[in-house]
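Notes to accompany the following structure.
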There are 2 protein chains.
Amino acid sequence: MRDPDTRLDGPDLAALAGLLADGTRASFCLALLDGRAWTATELARHAGVAASTATEHLNLLVGGGLLVQERQGRHRYVRLADPETAQLIETLASMAPRRVTPSCSLPAVNRSRALARARTCYDHLAGALGVAITEAMTDRGLLDWEQGLTLTGNGTAWLAELGIVLPPATRRPPVRSCLDWTERRPHLAGTVGAAMCRHAFDSGWITRIGTSRAVALTEIGRRALRDHLGLSGETHTPIS
Amino acid sequence: MRDPDTRLDGPDLAALAGLLADGTRASFCLALLDGRAWTATELARHAGVAASTATEHLNLLVGGGLLVQERQGRHRYVRLADPETAQLIETLASMAPRRVTPSCSLPAVNRSRALARARTCYDHLAGALGVAITEAMTDRGLLDWEQGLTLTGNGTAWLAELGIVLPPATRRPPVRSCLDWTERRPHLAGTVGAAMCRHAFDSGWITRIGTSRAVALTEIGRRALRDHLGLSGETHTPIS
DNA sequence: AAGACCTTTCGGCCCCCGCCGAAGGATCGC
DNA sequence: GCGATCCTTCGGCGGGGGCCGAAAGGTCTT
């Protein structure tokens with residue numbers, strides 16, 4: 001009568017979920033969603049816990065395979081293990097019950113607005129800018145949503161024209177839809193999304209704002225988006 | 001210096017992950033991955049806990065939105081809330097560390113083999129059969145994996161020929177790749193996968209084995225797969 | 001060599017949570 | 001109505017896990 005399979009796998013699944021079932025560890029992972037490597041102290045301060053506590057959490061996350069670490073001198077750098085892990089955290093975050101944000105101090109609001117406008121989401125672009133780019137690419141026939149998200153022939157040509165070469169096919173899909181937290185609409189992820197984000201940084205279209213995951217569109221970037229995607233200046237600077 | 005966004009969302013994500021961070025609750029969810037509704041007592045027996053314990057867990061899962069319930073007389077039926085929830089559990093299960101299965105009694109092995117051969121995965125087909133169908137559809141040009149998984153024009157025609165009508169587009173993608181636990185290769189999910197599974201049941205191609213999630217291919221189904229997909233009898237009855 | 005900084009180990013505290021059994025509704029079948 | 005079955009509530013037990021501060025180990029700078 002018992003089903004040995006799902007009963008035995010339960011603890012495995014629970015162990016993985018348990019890594020993310022703590023507020024502090026979840027906070028770490030969400031912070032690391034910017035795709036960069038953080039030090040232990042940075043994460044501890046970010047989450048508001050003691051350094052020793054952060055060490056214990058990082059040991060668990062690294063041991064569980066969600067994070068990889070790299071030691072440089074007296075620093076311990078950690079980052080998300082791979083894109084699959086990033087996607088798992090994104091998925092959980094998008095399904096998590098959202099409570100009203102009680103932060104209403106002026107600097108907090110400014111930071112929130114900057115994040116809503118444009119930010120990195122692991123290794124691709126998100127926020128109003130990411131969504132606007134994705135929708136512009138759809139309008140111009142570079143992306144197709146009919147049977148799941150795909151890159152069209154025109155899309156491939158458009159990327160080549162920009163000098164973006166796609167990496168050889170791996171297990172990671174070339175294009176993937178990623179639900180945007182702030183916009184509640186999908187933006188472009190996958191290897192194409194990552195390559196475009198890298199290109200945007202390399203070409204000076206966008207730059208990091210301080211050390212946060214928020215990015216700013218440069219004048220060069222504004223022109224590039226207008227020329228290559230027909231994006232007007234207003235489209236990607238909306239403030240809700 | 002602090003990032004209010006990811007710090008505040010941490011507890012939300014942790015609350016969701018916490019629902020799956022218990023071996024018993026995880027076992028419930030994995031069992032419910034067969035897409036059917038189970039009673040509280042069935043789940044309790046399946047997981048090997050007291051009925052009162054099961055009640056508490058179900059209250060949490062329903063309250064957290066992962067499960068929906070339906071009361072019929074003295075029975076409490078629960079099932080997964082939606083396909084997104086099913087996908088989340090699938091994803092977690094496929095990423096969870098897999099330990100060697102210590103079950104080696106004869107009936108247990110038989111059940112495992114039946115599950116590995118053909119089973120339902122939420123609302124679509126999995127196991128060797130599900131993978132074989134997916135690969136045959138790819139070989140015949142009904143599915144395309146070049147730019148993410150898509151249904152080709154031939155695929156649409158092939159479905160229509162079988163009398164399978166696709167539901168109108170919703171937020172759920174028509175075709176989606178779902179990593180098979182036992183085969184370690186992808187099988188077809190999404191609304192197309194669900195429609196094909198329903199059609200297979202309705203047409204008598206497959207039937208449930210007892211009350212488990214394992215299914216058996218009927219003689220009718222064997223012929224249908226040979227005629228419509230060119231599948232030989234050997235392809236979909238391999239035992240590892 | 002000395003001081004500053006990042007990280008780790010350890011002990012101890014405390015709270016949360018999963019488990020059970022017993023008892024009490026609620027509902028069905030006879 | 002009367003048992004049988006399903007579910008729920010409650011009290012109590014036990015273990016695990018998150019947190020901190022103090023102290024110690026490495027590493028870089030001066």
Side-chain angles (χ1 to χ4, degrees), chain A residues 1-2 7-8 10-32 36-64 66-79 211, chain B residues 1 7 10-32 36-64 66-79 211:
Chain A
M1 188 58 68
R2 290 197 180 163
R7 212 171 61 94
L8 287 178
D12 290 350
L13 197 161
L16 175 58
L19 290 176
L20 298 169
D22 172 80
T24 300
R25 285 195 295 271
S27 170
F28 285 5
C29 291
L30 287 171
L32 290 166
R36 294 177 296 170
W38 293 49
T39 69
T41 312
E42 283 171 345
L43 287 171
R45 269 232 297 206
H46 174 261
V49 296
S52 58
T53 304
T55 291
E56 295 172 357
H57 286 306
L58 291 180
N59 287 341
L60 290 177
L61 290 170
V62 170
L66 291 184
L67 265 48
V68 290
Q69 61 182 344
E70 202 169 336
R71 316 199 86 116
Q72 284 185 14
R74 56 185 167 185
H75 293 281
R76 176 194 206 177
Y77 283 99
V78 293
R79 57 186 163 77
T211 59
Chain B
M1 187 58 67
R7 213 171 61 95
D12 290 349
L13 198 161
L16 175 58
L19 290 176
L20 298 169
D22 173 80
T24 302
R25 284 195 296 271
S27 170
F28 285 6
C29 291
L30 287 171
L32 290 166
R36 295 177 298 171
W38 293 50
T39 69
T41 313
E42 284 171 346
L43 287 171
R45 269 233 297 208
H46 174 261
V49 295
S52 57
T53 304
T55 292
E56 295 172 356
H57 286 306
L58 291 180
N59 286 341
L60 291 177
L61 290 169
V62 171
L66 291 183
L67 266 46
V68 290
Q69 62 181 343
E70 200 169 336
R71 317 199 84 116
Q72 284 185 15
R74 56 183 168 186
H75 293 281
R76 178 194 203 175
Y77 284 99
V78 293
R79 55 185 165 80
T211 59

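All values derive from a computational prediction rather than experimental measurement. Chain letters run A, B, ... following the sequence lines, proteins first, then strands; residues in each count from 1.
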I need the minimum non-hydrogen distance between [X] and [Y], along with the two atoms involved.
X	Y	answer
B:R25	B:G18	NH2-O, 3.0 Å
A:R76	A:T55	NH1-O, 3.8 Å
B:A54	B:A40	CB-O, 4.1 Å
A:S27	A:A47	OG-CB, 3.9 Å

If I take atom [atom1] in residue [X] and atom [atom2] in nucleotide [N], what distance separates them, rounded to the nearest angstrom?
X	N	atom1	atom2	answer
A:L20	D:dG17	CG	P	15 Å
B:D22	D:dG16	CG	C1'	12 Å
B:H75	D:dT8	NE2	P	12 Å
A:E56	D:dG17	CD	C1'	10 Å
B:W38	D:dC6	CH2	P	15 Å
B:E42	D:dC6	CD	P	9 Å
A:E70	C:dC6	CD	C1'	16 Å
A:L58	C:dC6	CG	P	15 Å

From [options], nucleotide with atom closest to [X] side chain:
X	options	value
A:A50	D:dC19, D:dC20, C:dC19	D:dC20
B:N59	D:dC20, C:dC6, D:dT9	D:dT9
A:R71	C:dC20, D:dC19, C:dT8	C:dT8
A:A51	D:dT27, D:dT8, C:dT8	C:dT8
B:R74	C:dC19, C:dG18, D:dT5	D:dT5

For this session: Look at the side-chain N and O atoms of A:R76 and state whether any lies under 4.0 Å from the OP1 or OP2 oxygen of C:dT8.
Result: yes

Exercise. Between B:H57 and C:dC19, is there a side-chain N or O to OP1/OP2 distance below 4.0 Å?
Worked result: yes

For this session: State whether the distance check finds a donor on one side and an acceptor on the other, under 3.5 Å, for side chain A:S52 versus base D:dG21.
Result: yes

Seminar exercise, completed: Judged by nearest nucleotide, the residue sitting upstream toward the 5' end of DNA chain D, A:Q72 or B:A54, is B:A54

Seminar exercise, completed: Of B:Q69 and A:T24, the one whose closest nucleotide on DNA chain D sits nearer the 5' end is B:Q69

Problem set entry | Of A:L66, A:L20, A:V78, A:L58, the residue whose pairing with A:F28 passes side-chain contact (heavy atoms from CB on, under 4.5 Å) | A:L58

